[in-house]
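Computation of the quantities below employed the complete heavy-atom set of this structure, encompassing side-chain atoms and omitting hydrogens, waters and symmetry-equivalent molecules. Just so it is clear: chains get the letters A, B, ... in the order the sequence lines come, proteins before strands, and each one is counted from 1.
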Protein chains: 2
Amino acid sequence: MIAPCSPVAASPAEGRVLGSAEVIAALAALAQEHRLAAFRLLVEAGPDGVSAGDLADRLSIPRSSLSFHLNQMMQAGLIVQRRESRSLIYSADFAAMAALVGFLTENCCRGAGC
Amino acid sequence: MIAPCSPVAASPAEGRVLGSAEVIAALAALAQEHRLAAFRLLVEAGPDGVSAGDLADRLSIPRSSLSFHLNQMMQAGLIVQRRESRSLIYSADFAAMAALVGFLTENCCRGAGC
DNA sequence: CTGTCATTTCCATAATATTGGAAATATGGA
DNA sequence: TCCATATTTCCAATATTATGGAAATGACAG
């Protein structure tokens, strides 16, 4: 018996199991300087999220570039968008992120601590 | 107090803490069909590893292409190479993978189960 | 309506990644 | 030494991603 981390049994309350195409999309979505930075800001911001404009300012990149990156992350299912009056507010999809980490620990981590 | 998974304190026996450039390299290394497949085979194989030729056969891709991908993963620090007579044997670096998962849970997972 | 703010879409350009055949390199055996 | 095996490096073609300005869209106030 191994039982490395989790106090619960094996595959617990994982909302969703990903196929490798989805995993690749999610990994690619995070494997970029501006996107990783944006995602971390969104994680920090929590469910309130951050508007596109704020993000662009905080990251110091042009709005059209940011828009491109946000789109990538949405298509990968890592973030979510909602409109609030004139602004579009983005927030991290924590369940999706948890599913990604779940995939990695289960498929790519055999034996190592997590 | 939150204490989501680990029975130990905060940042436990993590061999190494990654900067975001390293994380991006590792994510990009896994964000590709053939590389993710290769890495999963290496994880399954454990410390014994698999030779380049075997991997190419199992993945059904040309040797020069595989060589390119193995190089990417080595540069990203996710796999390791050793020579055994005529063959080059590759194996997964589990500590590196654990560090990647550690980064993701700590920086991109706030609040979600892991 | 008209103007303004917030953001996206369009699009051309530039940069980076992927592919695979052919030639080069390393290793061990006859 | 010479040959066969295992794998890499080279390189050119192709494909995919990233950039950012300008024009288009959506929302709201006067």
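- Regarding B:Leu70, its CG atom lies at a distance of 14 Å from the C1' atom of D:dT9, rounded to whole Å.
- Side-chain atoms of B:His69 lie closest to C:dT18 of the nucleotides D:dA27, C:dT18, C:dA6.
- For the pairing with A:Phe39, the side-chain contact (heavy atoms from CB on, under 4.5 Å) check across A:Gln32, A:His69, A:Glu44, A:Met97 returns one residue only, A:Met97.
- Taking every side-chain heavy atom of A:Tyr90 into account, C:dT8 is the closest of C:dT8, C:dG28, D:dT8.
- Put simply, A:Ser87 has no side-chain N or O that comes within less than 4.0 Å of OP1 or OP2 on C:dC5.
- When the nucleotides D:dG20, C:dT19, C:dT18 are ranked by their closest atom to the side chain of B:Ser65, C:dT19 comes out on top.
- In this structure, the CZ atom of B:Phe68 is 14 Å from the C1' atom of D:dA12, given to the nearest Å.
- For B:Leu66 and C:dG21, the CG to C1' distance is 16 Å, given to the nearest whole Å.
- B:Asn107 places a side-chain N or O within 3.5 Å of a backbone atom of B:Phe103 that can act as its donor or acceptor partner.
- Residue contacts for B:Ser67: at a heavy-atom cut-off of 4.0 Å it reaches a base atom on one of the strands shown.
- In this structure, B:Asn71 atom CG and D:dT9 atom C1' are separated by 10 Å, rounded to whole Å.
- Linking ILVMFWY side-chain heavy atoms closer than 4.5 Å, directly or via other members, places A:Ile79 and A:Ile89 in two distinct hydrophobic clusters.
- Residue-to-nucleotide proximity on DNA chain D shows that, of A:Pro62 and B:Ser64, the 5′-proximal contact is made by B:Ser64.
- One atom, CG of B:Leu36, and another, P of C:dA17, lie 18 Å apart when rounded to the nearest Å.
- To the nearest angstrom, P of D:dT16 lies 18 Å from CD of A:Gln32.
- A donor-acceptor pair under 3.5 Å links the side-chain atoms of A:Thr105 to the main chain of A:Val101, judged by distance alone.
- Picking from D:dA18, D:dT8, D:dG26 the nucleotide with the shortest atom distance to the side chain of B:Arg63 gives D:dT8.
- B:Ile61 places its CD1 atom 12 Å from the P atom of C:dG21, with the value rounded to the nearest Å.
- Exactly one residue among B:Arg63, B:His34, B:Arg35 makes a side-chain contact (heavy atoms from CB on, under 4.5 Å) with B:Phe68. That residue is B:Arg35.
- Between the CZ atom of A:Arg82 and the P atom of D:dA27 there is a distance of 16 Å, rounded to whole Å.
- Looking at the side chain of A:Arg86, the nearest of the listed nucleotides C:dT9, D:dA29, C:dT8 is D:dA29.
- Two residues, A:Glu84 and A:Ala31, neighbour DNA chain D, and the one matched to the more 5' nucleotide by heavy-atom proximity is A:Ala31.
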